[in-house]
**Student:** 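Below you will find the structure I want to go over with you.
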Amino acid sequence: MKKRRKEPMVTRIPNAAALTRCNAQVDRLDAGAGPGYIELRTGTQPAFGDDPASGVVLVTIALQDPAFGDAADQNPGARASMNGTPSANAGADGTASWFRAYDSDANPVQDGAITATGLGGEMEIDNPVINSGATVTITSWNVDELESA
């Protein structure tokens, strides 16, 4: 008798679950007494969000509180978009390649890739090549939740 090859399982969740999961993720940025914040960093993003942050912190940018609006249906999936276009002055020179987001109690919430505006990174900033003292603006940050993976 020939053995049947097992096909990989694909997880699928309903749209309502994608919306709930997306909102839960971005709401973690609002934990604590104040607004969450972002560190834009040089170097290679760690493999896991619990790994120590690597690279040089080029700039720390405070977010609005709340940081995101409610997730919207992307059919399929859900997307939450950052409120506002926060900015801050850089404290170091370098090229920003990744970010780590924290709640106001300094608990890590999410890491992701950075690109220049219009290039499709998880977070887009006005210019990833940063000079100390320059104003750095986050122009777009969307958090997506898929309905299947």
Side-chain angles (χ1 to χ4, degrees), residues 8-130 132 134-149:
M9 297 293 289
V10 176
T11 300
R12 293 181 176 90
I13 61 174
N15 185 255
L19 289 163
T20 299
R21 286 169 63 163
C22 191
N23 282 324
Q25 175 63 21
V26 298
D27 287 350
R28 292 184 59 226
L29 288 164
D30 301 323
Y37 62 95
I38 302 287
E39 291 178 345
L40 304 185
R41 294 176 162 269
T42 63
T44 303
Q45 178 182 343
F48 300 99
D50 289 326
D51 290 346
S54 59
V56 173
V57 176
L58 300 172
V59 61
T60 301
I61 301 175
L63 299 169
Q64 290 188 10
D65 195 1
F68 282 77
D70 289 336
D73 184 0
Q74 292 299 294
N75 195 24
R79 171 174 281 178
S81 297
M82 177 187 67
N83 288 327
T85 52
S87 63
N89 292 331
D93 295 334
T95 300
S97 57
W98 71 281
F99 70 88
R100 179 161 283 173
Y102 298 87
D103 68 17
S104 65
D105 292 330
N107 297 305
V109 174
Q110 181 176 350
D111 293 356
I114 296 171
T115 65
T117 301
L119 296 181
E122 294 167 82
M123 176 184 288
E124 296 181 349
I125 63 175
D126 53 352
N127 185 356
V129 179
I130 295 172
S132 182
T135 300
V136 179
T137 301
I138 301 172
T139 57
S140 176
W141 181 20
N142 296 311
V143 174
D144 295 324
E145 183 66 43
L146 302 176
E147 288 184 37
S148 65

**Student:** What are the two closest heavy atoms between A101 and L29, and how far apart are they?
**Tutor:**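 Nearest heavy atoms, A101 then L29: CB-CD2, 3.6 Å.
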**Student:** Determine, stepwise, if the pair F68 / C22 fulfils side-chain contact (heavy atoms from CB on, under 4.5 Å).
**Tutor:** CA-CA 10 Å; F68 282 77; C22 191; over 6 Å; no
**Student:** Is there a donor-acceptor pair under 3.5 Å between the side chain of S104 and the backbone N or O of A33?
**Tutor:** yes
**Student:** Using the rule given for side-chain contact (heavy atoms from CB on, under 4.5 Å), can you reason through D103 versus R28, listing the C-alpha separation, both sets of side-chain angles and the distance that settles it, and then say yes or no?
**Tutor:** CA-CA 7 Å; D103 68 17; R28 292 184 59 226; over 6 Å; no
**Student:** Quick one: do N89 and T135 satisfy side-chain contact (heavy atoms from CB on, under 4.5 Å)? Show the steps, please.
**Tutor:** CA-CA 4 Å; N89 292 331; T135 300; 2.9 Å; yes
**Student:** Quick check: does any side chain N or O of D30 sit under 3.5 Å from a backbone N or O of A67, one acting as donor and the other as acceptor?
**Tutor:** yes
**Student:** Please determine whether the number of non-hydrogen atoms from other residues, nucleotides or ligands lying under 6.0 Å from atom CG of D105 exceeds 12.
**Tutor:** yes
**Student:** With a 3.5 Å distance limit and no angle check, can you tell me whether E122 reaches the backbone of A113 through a side-chain donor-acceptor pair?
**Tutor:**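 Present.
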**Student:** Is a side-chain donor or acceptor of N23 paired with a backbone partner of A71 at a separation under 3.5 angstrom?
**Tutor:** yes
**Student:** When you measure from the side chain of Q25 to the backbone of V109, do you find a donor-acceptor pair of N or O atoms at a distance under 3.5 Å?
**Tutor:** yes
**Student:** Is the side chain of D144 donor-acceptor paired with the backbone N or O of G77 at a distance under 3.5 Å, no angle test?
**Tutor:** no
**Student:** Under 3.5 Å, is there a donor-acceptor pair between the side chain of E124 and the main chain of T115?
**Tutor:**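 Side chain of E124 to backbone of T115, a donor-acceptor pair under 3.5 Å: no, none is there.
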**Student:** D111 and G49: which non-hydrogen atoms are nearest, and at how many Å?
**Tutor:**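 Heavy atoms only, the tightest pair is OD2-CA, 3.9 Å.
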**Student:** For N142, does its backbone N or O pair with a side-chain atom of S81 as donor and acceptor, under 3.5 Å?
**Tutor:** no
**Student:** Can you see which heavy atom on A96 is nearest to which on L58, and at what distance?
**Tutor:**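 Looking at all heavy atoms of both residues, the shortest contact is N-CD1, 3.5 Å.
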**Student:** Using a 3.5 Å distance criterion without hydrogens, assess whether the side chain of D93 forms a donor-acceptor pair with backbone atoms of S132.
**Tutor:** yes
**Student:** Mind listing the closest non-hydrogen atom pair of I138 and M123 along with its distance?
**Tutor:** CG2-CG, 3.8 Å
**Student:** Ignoring hydrogens, what is the shortest heavy-atom contact between A88 and T60? Give both atom names and the distance.
**Tutor:**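 Taking every non-hydrogen atom into account, CB-O, 3.4 Å.
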**Student:** Can you tell me how far the CD atom of E145 sits from the CD atom of Q74, to the nearest 0.5 Å?
**Tutor:** 12.0 Å
**Student:** Can any side-chain N or O of R41 pair as donor or acceptor with the backbone N or O of G55 at less than 3.5 Å?
**Tutor:**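 Judged by distance alone, yes, a pair lies under 3.5 Å.
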**Student:** Can you see which heavy atom on I130 is nearest to which on A92, and at what distance?
**Tutor:**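 Minimum heavy-atom separation between I130 and A92: CG2-O, 3.8 Å.
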**Student:** If you apply the rule side-chain contact (heavy atoms from CB on, under 4.5 Å), what do you find for F99 with I125, and how did you get there?
**Tutor:** CA-CA 11 Å; F99 70 88; I125 63 175; over 6 Å; no
**Student:** Can you tell me how the ring of Y102 sits relative to the ring of Y37, calling it parallel under 30°, perpendicular over 60° and tilted otherwise?
**Tutor:** parallel
**Student:** Nearest 0.5 Å, what's the CG-CG distance between D70 and L19?
**Tutor:**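 One finds 9.5 Å between CG of D70 and CG of L19.
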**Student:** Please say which of T85, I114, L63 ends up in a side chain to side chain contact (heavy atoms under 4.5 Å, CB included) with W141.
**Tutor:**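 The side chain to side chain contact (heavy atoms under 4.5 Å, CB included) with W141 is passed solely by L63 among T85, I114, L63.
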**Student:** Are side-chain N/O atoms of T117 and D126 paired as donor and acceptor at under 3.5 Å?
**Tutor:**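 Short answer, no.
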